[in-house]
Enquirer: 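Quick one: structure below, then a few questions.
These numbers come from the heavy atoms of this one structure, side chains and all, not from hydrogens, waters or symmetry mates. Treat the numbers as computed from the prediction; the structure is a model and nothing was measured. Residue indices begin at 1 and follow the sequence shown.
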Amino acid sequence: MIDCGEGTQMQLRKMRLHFNKISAVFISHLHGDHCFGLIGMISTFGMLGRTAPLHIYATKELRPMLCSQLEMFCNGLEFDVVFHPIDTTRNEVIYDDRSISVTTIPLQHRVPCCGFLFTEKPTLRHIRREMIDFYDIPVSQINNIKNGMDWTAADGTVVENERLTLPPDAPRSYAYCSDTKYIPELWKMVKGVSTLYHESTYAADMIDKARLYHHSTAGEAATVARDAGARCLILGHFSARYDNEKILLDEATKVFSNSFLANEMAIFDI
């Protein structure tokens with residue numbers, strides 16, 4: 001999970017997402033709309049009998065507040081809340097497992113803030129079922145072939161791996177750029193990303209406000225996506241002044257055509 005604003009657990013229920021599927025929470029910065037829902041969610045996890053550890057990645061300033069809340073409201077939890085302090089000024093890997101890695105993206109906001117780049121690990125090659133059957137290759141050798149091994153037939157003929165398999169899917173990636181002013185060099189840290197989320201609080205006519213409050217315009221978000229060569233841009237964090245965010249979408253699509261507005265409950269396939 002990325003950020004945890006007030007009411008997160010209610011939204012999870014609406015989405016019918018199983019709470020136990022959440023193993024880690026990445027908090028971009030300590031403004032309430034990004035972290036006020038954390039303690040409530042943890043408390044609910046406890047009441048539901050969770051036993052698996054929950055890992056929290058955030059700036060070190062959150063630790064004492066979180067510890068106080070846990071002591072006050074969550075005594076007797078049957079699972080560990082493991083806190084991992086992050087340095088928002090560094091571009092570094094903070095999480096890594098067999099499937100993905102997570103890298104911090106330094107941003108510029110009114111408080112220490114960073115985004116997160118989720119990068120899928122390369123997968124194995126795809127088996128061509130018909131070729132496996134044709135050469136009568138045993139199931140015990142399937143993983144070896146997925147890993148690139150050639151096959152030697154009974155008559156001594158070497159069947160190259162390229163005939164037995166298809167190329168793996170290209171690794172996917174998702175960059176989440178939370179509250180930040182426009183950073184002209186940001187695209188370098190998200191170059192080639194599959195899907196980019198970038199805040200777009202204002203339209204271009206409010207650029208003075210964007211500068212004052214360290215936010216971005218929709219056009220600036222689209223510029224990052226264009227320069228990075230992203231395949232898709234999701235716009236979010238809209239100012240409440242906009243009754244209709246289409247003005248932000250129109251501004252973005254003039255720069256980067258494959259732009260979309262984030263909406264509650266919307267699902268995007270990266």
Enquirer: Would Arg50 pass as a cation-pi partner of Phe45, given that its NZ or CZ must be under 6.0 Å from the six-membered ring centre and within 45 degrees of the axis?
Expert: yes
Enquirer: Is a salt bridge present between Lys254 and Asp250, judged by a nitrogen-to-oxygen distance below 4.0 Å?
Expert: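 Result for this pair is no, no salt bridge flagged.
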Enquirer: Ignoring hydrogens and angles, state whether a donor on the side chain of Asp3 or Ser28 is under 3.5 Å from an acceptor on the partner side chain.
Expert: yes
Enquirer: Rounded to the nearest 0.5 Å, what separates atom CD1 in Ile270 from atom CG in Leu196?
Expert: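 It comes to 12.0 Å.
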Enquirer: Starting from Ile234, can I reach Ile247 by hopping between I/L/V/M/F/W/Y residues whose side chains sit under 4.5 Å apart?
Expert: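 The answer is no; the residues belong to distinct hydrophobic clusters.
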Enquirer: Do the non-hydrogen side-chain atoms of Phe238 and Ser200 ever get within less than 4.5 Å of each other?
Expert: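 Phe238 reaches Ser200 side chain to side chain.
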Enquirer: To the nearest 0.5 Å, how far apart are CG in Leu62 and NE2 in His29?
Expert: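 So the gap between those two atoms works out to 12.5 Å.
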Enquirer: Between Glu220 and His198, is there a side-chain heavy-atom distance shorter than 4.5 Å?
Expert: no
Enquirer: Kindly indicate whether the side chain of Ser239, heavy atoms from C-beta on, has any atom under 4.5 Å from the side chain of Met206.
Expert: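 Not touching, per the 4.5 Å side-chain cut-off.
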Enquirer: Anything under 30° is parallel, anything over 60° is perpendicular, the rest tilted; go ahead and classify His215 against His109.
Expert: tilted
Enquirer: Does the distance from a Lys or Arg side-chain N to an Asp or Glu carboxylate O, for Glu185 and Lys188, drop under 4.0 Å?
Expert: yes
Enquirer: Would you call Asp96-Lys121 a salt bridge at under 4.0 Å N-O?
Expert: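 Salt bridge between Asp96 and Lys121, a charged N being under 4.0 Å from a carboxylate O: yes.
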Enquirer: Would you check if the side chain of Ser43 reaches a backbone N or O of Ile39 as a donor-acceptor pair within less than 3.5 Å?
Expert: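 No; zero donor-acceptor contacts below 3.5 Å.
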Enquirer: Given side chains that start at C-beta, do those of His55 and Val25 come closer than 4.5 Å, heavy atoms only?
Expert: no
Enquirer: Between Thr201 and His237, is any side-chain donor less than 3.5 angstrom from a side-chain acceptor?
Expert: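 Thr201 vs His237: donor-acceptor pair found between side chains.
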Enquirer: Within a strict 4.5 Å, meaning less than it, do heavy atoms of the Val81 and Ile42 side chains meet?
Expert: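 In short, these two side chains touch, coming nearer than 4.5 Å.
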Enquirer: For the residue pair Arg231 and Asn258, confirm or rule out a side-chain donor-acceptor distance under 3.5 Å.
Expert: no
Enquirer: Does the separation of the ring centres of Phe26 and Phe118 fall below 6.0 angstrom?
Expert: yes
Enquirer: Going by atom types only, do Asp179 and His214 share a side-chain donor-acceptor pair under 3.5 Å?
Expert: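 Result is no, nothing qualifies.
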Enquirer: So, Tyr95 and Asp97: side-chain donor and acceptor under 3.5 Å apart, yes or no?
Expert: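 Yes, because at least one side-chain N or O of Tyr95 sits under 3.5 Å from a partner of the opposite role on Asp97.
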Enquirer: So, do Val159 and Thr152 sit near enough that their side-chain heavy atoms are less than 4.5 Å apart?
Expert: no
Enquirer: Give a yes-or-no answer on whether the side chains of Thr104 and Glu92 include a donor-acceptor pair shorter than 3.5 Å.
Expert: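 Result is no, nothing qualifies.
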Enquirer: Taking it one step at a time, do Tyr197 and Phe116 satisfy ring-ring contact (aromatic ring centres under 6.0 Å, His included)?
Expert: CA-CA 10 Å; Tyr197 170 93; Phe116 303 101; over 10 Å; no
